[in-house]
Amino acid sequence: MSANSAATGLLKQDLETPALCLDLEAYHRNAARILAALKPRGIAWRPHMKGQKAPQLAKLAVEAGAIGVTCATVYEAEAVVDAGVPSVLLANQTVGGRKLARLARLAGRSGVMAATDSPVHLRQIASAAESEGVTIPVIIEVNVGMNRCGIEPGQPAVDLAAMASGLAGVRLAGLMGWEGHVLSSQGGEKTARIRESLARLLDTVAQCRSAGIRVDIVSAAGSGTFLDAITVADGITEVQAGGAVFSDLSYQRWGLDHEFALTVLTRVASRPSPTRIIVDGGFKTLSDKHGLPRAMDLPAVKSLVLSAEHGNIELEQPSETPRVGDTVEFIPGYTDSTVCLHDEMCVLREGRLEAVWHIPGRTGR
Ligand SMILES: Cc1ncc(COP(=O)(O)O)c(C=O)c1O
């Protein structure tokens with residue numbers, strides 16, 4: 001039984017805790033800012049859902065003006081297609097016979113495009129597509145310097161694009177790159193690294209076109225890079241920035257000044273001393289990946305330690321408040337690693353619960 005689903009209209013401070021809370025109005029303001037940056041340049045928005053998860057958010061983005069969404073797994077992609085968003089870029093490599101068959105079935109009922117970065121994987125996609133009697137549009141992932149997935153730019157990528165153009169079962173839709181390795185750089189150095197990274201993608205696109213290969217989609221950039229990317233990388237057709245709809249302490253550190261639309265609400269379970277506050281959310285609720293969350297509206301905090309079901313806050317100075325039963329709200333250190341800890345998201349408007357969204361897509365269930 002969901003903790004808060006029967007409680008619409010409830011004030012935020014009365015929710016069962018711990019609760020993942022979305023401020024819908026802040027979400028809309030953040031989404032509008034992304035679109036306002038992209039639209040004048042004719043660049044489309046295809047937000048990454050890996051950190052947002054809830055398919056209703058994919059629908060909201062499309063209603064706001066996104067052309068579709070980006071997903072990391074075939075399960076996420078299925079969830080957003082089920083919710084009515086047919087245009088999906090599956091930006092990670094889908095592998096294994098069962099998952100490839102799943103991708104092919106999904107391609108039969110949506111416009112899902114699949115990332116690939118090697119001839120062997122491309123052949124596997126093509127074979128799954130042929131078994132299902134469909135054609136799967138593919139996006140060639142190019143390594144722009146992150147050294148994670150991605151075929152090397154230049155001739156290796158051009159050869160793979162040529163292969164995709166001629167192989168039965170697939171159709172070349174475009175190329176993508178993700179410059180995530182520059183996130184922590186600052187100022188002019190960051191801009192220069194983004195330009196240099198995305199030049200690898202754009203030069204490869206130009207080489208493909210010179211070789212007579214049609215490239216429609218050129219996809220890149222995330223929430224911590226897109227504002228620079230769109231000014232220095234002419235030729236990108238769409239950006240994948242997703243987490244910018246929430247923002248968090250990591251995105252703030254990476255240069256984004258969006259509102260914090262997603263928080264985790266906890267409640268004080270114990271006050272063992274005037275400086276110690278124990279809340280009912282630990283590492284199963286809050287994540288410390290890319291940095292600890294920050295408690296809002298508390299006197300100066302000396303430390304925060306997360307155990308499984310307890311958050312242990314030590315204040316700099318003694319304080320009588322908050323008292324047992326009071327709420328303590330946290331800004332996530334990183335929303336991507338926080339949302340996936342929760343089964344549901346409490347959606348609030350003007351401080352009242354409007355809806356509770358299930359968070360599916362972690363597995364194929
Ligand atoms: C392929 C890809 N694109 C874009 C992003 C950026 O996503 P976000 O905008 O949600 O930070 C990531 C991950 O960080 C990614 O793996």
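The first residue in the sequence is number 1, and the count goes up from there. It should be emphasised that the depicted structure is a prediction, and the values quoted were computed from it without experimental measurement. When a ligand or atom number is given, it counts from 1 through the structure's own listing order.
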Would you mind running through ligand 1 and noting each atom that sits below 4.0 Å from a heavy atom of Gly242?
-> 8 (P), 9 (O), 10 (O)
Please state which protein non-hydrogen atom is closest to atom 10 (O) of ligand 1 and give its distance, to 0.1 Å?
-> Gly243 N, 2.9 Å
Does NE2 belonging to His310 count more than 12 external heavy atoms closer than 6.0 Å?
-> no
What protein heavy atom sits nearest atom 2 (C) of ligand 1, and how far off is it?
-> Gln240 OE1, 3.4 Å
Looking at Trp254 versus His290, is the centre-to-centre ring distance below 6.0 Å?
-> yes
Just how far is it from atom CG of Leu103 to atom CD of Gln124, taken to the nearest 0.5 Å?
-> 11.5 Å
Close approach, Gly180 and ligand 1, non-hydrogen under 4.0 angstrom | no
Inspect the surroundings of CZ in Arg214 and state if more than 12 heavy atoms from other residues, nucleotides or ligands are less than 6.0 Å away.
-> no
For ligand 1, indicate whether the residue Gln52 contacts it via side chain, backbone, both or neither (heavy-atom separation under 4.0 Å).
-> neither
In ligand 1, which numbered atoms sit nearer than 4.0 Å to a non-hydrogen atom of Gly222?
-> 6 (C), 9 (O)
Which residue and non-hydrogen atom of the protein lie closest to atom 16 (O) of ligand 1, and at what distance in Å?
-> Arg148 NH2, 2.9 Å
Which of the numbered atoms in ligand 1 are below 4.0 angstrom from a heavy atom of Ala241?
-> 9 (O)
If you have a sec, work out which protein heavy atom is nearest atom 8 (P) of ligand 1 and how many Å separate them, to one decimal?
-> Tyr251 OH, 3.4 Å
